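Not measured: the values here are computed from a predicted model. Numbers here are sequence positions counted from 1.
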Amino acid sequence: MRPFVEANQRLADRNLRGMVLGSAAQIRFQLLMLRLMPHLPGRDRMIRRVAEPIRRAANAITLPDPAPATRGA
């Protein structure tokens with residue numbers, strides 16, 4: 001599970017800067033951009049670009065197939 005955990009921790013470290021803003025002006029700007037996002041050209045491309053690292057980190061784990069159930073056990 002180490003690669004999965006490390007991928008998700010790296011993602012959290014990178015995204016922390018965007019979630020913990022340092023000033024009221026940064027917060028106002030972020031809120032403005034969130035309100036404008038639905039109206040911007042290329043918004044789907046921007047959303048995919050933001051979501052892609054999240055998708056990769058979420059899928060960075062490969063689990064083995066479960067063992068088949070045995071009868072009478």
Side-chain angles (χ1 to χ4, degrees):
M1 298 239 349
R2 182 171 300 280
F4 174 74
V5 171
E6 289 173 349
N8 281 278
Q9 287 175 337
R10 281 190 306 273
L11 181 66
D13 288 341
R14 282 193 307 266
N15 286 312
L16 184 60
R17 290 185 302 268
M19 292 193 284
V20 180
L21 302 174
S23 71
Q26 289 174 325
I27 293 169
R28 283 192 300 275
F29 180 75
Q30 184 180 55
L31 291 173
L32 173 65
M33 292 308 295
L34 287 171
R35 283 195 302 270
L36 289 174
M37 182 67 77
H39 309 289
L40 295 175
R43 69 181 173 273
D44 294 335
R45 188 174 55 249
M46 286 187 278
I47 291 170
R48 278 193 305 273
R49 186 172 178 218
V50 169
E52 179 58 24
I54 298 167
R55 186 197 64 74
R56 275 196 318 269
N59 291 300
I61 188 168
T62 303
L63 298 175
D65 291 331
T70 58
R71 291 187 155 213

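Contact between Met37 and Met46 at its shortest, heavy atoms only, is SD-CE, 4.0 Å. What you find for Leu11 and Ile54 is that their closest heavy atoms are CD2-CA, 3.8 Å. The heavy-atom pair separating Ala7 from Ala60 by the smallest distance is CB-CB, 4.0 Å.
Residues Gln26 and Gln30 form no side-chain contact, since every pair of their non-hydrogen atoms from C-beta on lies 4.5 Å or further apart. Within the 4.5 Å cutoff, side-chain heavy atoms of Glu52 are placed close to those of Arg56.
Here CZ of Arg55 is found 12.5 Å from CZ of Arg48. Values are rounded to the nearest 0.5 Å.
Arg35 pairs by the side chain to side chain contact (heavy atoms under 4.5 Å, CB included) definition with Leu31, Leu32, not counting sequence neighbours.
Environment of CZ in Arg49: sparse, with no more than 12 heavy atoms of neighbouring residues, nucleotides or ligands closer than 6.0 Å. More than 12 non-hydrogen atoms from other residues, nucleotides or ligands lie less than 6.0 angstrom from CE of Met19.
At a threshold of 4.5 Å between side-chain heavy atoms, the hydrophobic network of Ile, Leu, Val, Met, Phe, Trp and Tyr places Val50 and Leu40 in two separate groups.
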